[in-house]
Amino acid sequence: MFHKQILLAAAALSLIAVLNSAAQAKGIRFSLPHGTKGLYVTAPNASGDVAGIYITAGKFFTHSYGFIRSADGSFTTIDVKKSFEHNTIVEAIDDNDDIVGQYEDKDNSGISHGFVRTRDGRIASFDGAGAYDTLPVDVNASAGEMVGWYYTQDGNHGFAGTLDGALTIIDVPGGDGGTYPLSVNARGQIAGTYIDSNLVRHGFLRQPDGSVDTIDPPNSIYTDNVQINDKGLITGIYQDGSSGIYYGFARDHGTFYTYDRYFSRLNGRHQSVGQIFLLTFRQGEFNEQPLTIPKGCSNLFLSGINESSLVSASMQCGKREWFGYLTEN
């Protein structure tokens with residue numbers, strides 16, 4: 001199960017690869033441990049700290065290590081000691097430097113546990129009730145919550161949890177095929193995706209009181225990657241039922257606005273990153289600005305943007321070495 005998550009992460013990275021560029025962006029690159037074969041960097045937090053994973057080759061399996069890279073340049077590897085073959089993944093970091101992720105059980109590679117790492121370096125693992133695979137994917141310091149999902153022999157359950165690992169189940173009505181919370185904002189609002197009995201994906205928004213609304217753009221036959229920012233703006237991707245084309249969308253005060261490419265969660269300035277661009281969404285209009293790759297580098301992966309317009313990414317430079325990359329816009 002853990003290796004499946006790595007493959008899913010790799011697929012997501014390939015979606016936002018930049019293979020070419022027209023002009024050069026300016027920023028800071030940071031190096032990874034020697035032998036890094038792959039890299040994912042989270043969106044920066046308010047302080048400019050980022051987290052993520054780097055992958056190295058092993059004798060029989062690849063190894064995945066989490067990391068946190070602070071704005072002052074310090075770098076710390078996160079390797080849950082109980083993990084099988086050093087397989088730790090990091091999904092998100094919040095403004096308090098709380099980090100959430102997953103590791104594979106050392107004694108049973110068929111079981112994966114969720115974990116929270118706090119600013120002081122303490123790591124606490126947790127599991128959904130009866131779960132063999134628990135995956136937290138987002139954390140928000142202002143809400144004091146994390147969200148994600150877990151699998152049991154009976155199927156999938158979404159969850160919201162406090163940072164001590166106490167979980168509340170989120171099963172969206174009609175989500176017979178599974179509930180997948182993807183984001184939580186400072187208000188405690190949760191957005192994500194659920195799958196109905198016909199295996200159709202829909203977006204959802206859950207309020208702190210537990211009420212849930214479906215989030216589907218008009219004429220959508222597939223809605224996914226639904227996330228919410230601290231101001232309540234919702235973003236995602238959907239497939240139009242008439243044309244079959246996939247679009248990105250933003251939902252602002254109940255109105256849907258579409259764009260012809262997918263983009264990530266908006267920051268408080270209504271900025272986002274996409275495949276080869278920065279995007280600003282204001283008054284129902286999208287304004288695209290290319291973000292170009294530094295000279296001598298390739299395979300730039302844009303990860304996210306914080307409230308100060310700091311963009312995080314990963315890329316290969318020189319002799320195909322992997323670097324993290326931060327640039328202000």
Side-chain angles (χ1 to χ4, degrees), residues 1-6 8-9 30 32-33 36 38-56 58 61-151 159-168 181-184 303 312 324:
M1 182 61 67
F2 183 90
H3 293 288
K4 181 181 76 174
Q5 299 294 353
I6 290 292
L8 289 174
F30 59 91
L32 277 295
T36 294
L39 173 64
Y40 168 72
V41 182
T42 67
N45 67 10
S47 300
D49 305 333
V50 295
I53 61 173
Y54 63 93
I55 299 171
T56 64
F61 303 96
T62 59
H63 304 311
S64 174
Y65 300 92
F67 72 86
I68 178 171
R69 193 267 185 187
S70 300
D72 64 7
S74 58
F75 185 95
T76 302
T77 292
I78 301 172
D79 180 18
V80 178
K81 299 303 181 184
K82 296 179 181 179
S83 67
F84 175 75
E85 290 288 336
H86 299 287
N87 278 322
T88 300
I89 62 172
V90 164
E91 291 284 345
I93 183 173
D94 69 14
D95 289 345
N96 281 347
D97 280 351
D98 302 308
I99 291 170
V100 294
Q102 183 188 66
Y103 68 95
E104 201 168 60
D105 191 275
K106 183 176 182 179
D107 298 319
N108 186 344
S109 60
I111 297 177
S112 296
H113 309 279
F115 75 88
V116 178
R117 181 188 186 274
T118 52
R119 182 197 295 266
D120 59 9
R122 290 182 295 177
I123 294 176
S125 63
F126 64 92
D127 299 285
Y132 62 83
D133 183 18
T134 302
L135 179 65
V137 296
D138 194 31
V139 60
N140 191 298
S142 297
E145 282 189 308
M146 59 180 171
V147 295
W149 57 85
Y150 63 90
Y151 295 97
F159 70 79
T162 57
L163 297 186
D164 61 3
L167 306 184
T168 298
L182 294 169
S183 60
V184 56
S303 304
S312 59

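Numbers here simply count residues along the sequence, with the first being 1.
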**Request:** Would you please say whether a donor-acceptor pair under 3.5 Å links the side chains of S74 and D72?
**Result:**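 D72 and S74 do have a side-chain donor-acceptor pair below 3.5 Å.
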**Request:** Taking the side chain as every heavy atom from C-beta outward, state whether D79 and H63 have any pair of such atoms under 4.5 Å apart.
**Result:**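 No, every pair of side-chain atoms sits at 4.5 Å or beyond.
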Can you name the closest pair of heavy atoms from [X] and [Y] and give their distance?
X	Y	value
E145	V184	OE1-CG2, 3.7 Å
A92	V137	CB-O, 3.6 Å
G66	Y54	O-CE2, 4.1 Å
D95	N45	OD1-CB, 3.4 Å
Y103	S125	OH-CB, 3.2 Å
I99	V90	CG2-CG1, 3.5 Å

Interatomic spacing from [atom1] in [X] to [atom2] in [Y] - rounded to 0.5 Å:
X	Y	atom1	atom2	value
D98	R117	CG	CZ	10.0 Å
I89	Y65	CD1	OH	15.0 Å
T42	F67	OG1	CZ	7.0 Å
Y40	I53	OH	CD1	8.5 Å
S47	I93	OG	CD1	8.5 Å
S64	N87	OG	CG	6.0 Å

**Item:** Identified side-chain contact (heavy atoms from CB on, under 4.5 Å) counterpart of F126 within the set L163, L167, D164
**Value:**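 Result for side-chain contact (heavy atoms from CB on, under 4.5 Å) with F126: L167.
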**Request:** Evaluate the side-chain contact (heavy atoms from CB on, under 4.5 Å) criterion for residues I123 and I78: first the C-alpha distance (whole Å), next the side-chain angles of each, then the deciding distance (0.1 Å), finally the verdict.
**Result:** CA-CA 9 Å; I123 294 176; I78 301 172; 4.2 Å; yes
**Prompt:** side-chain contact (heavy atoms from CB on, under 4.5 Å) with D127: which residues, sequence neighbours excluded?
**Reply:**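 Here the qualifying residues are H113, T134.
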**Message:** The test is side-chain contact (heavy atoms from CB on, under 4.5 Å); show your working for W149 and V147 and say whether it passes.
**Reply:** CA-CA 7 Å; W149 57 85; V147 295; over 6 Å; no
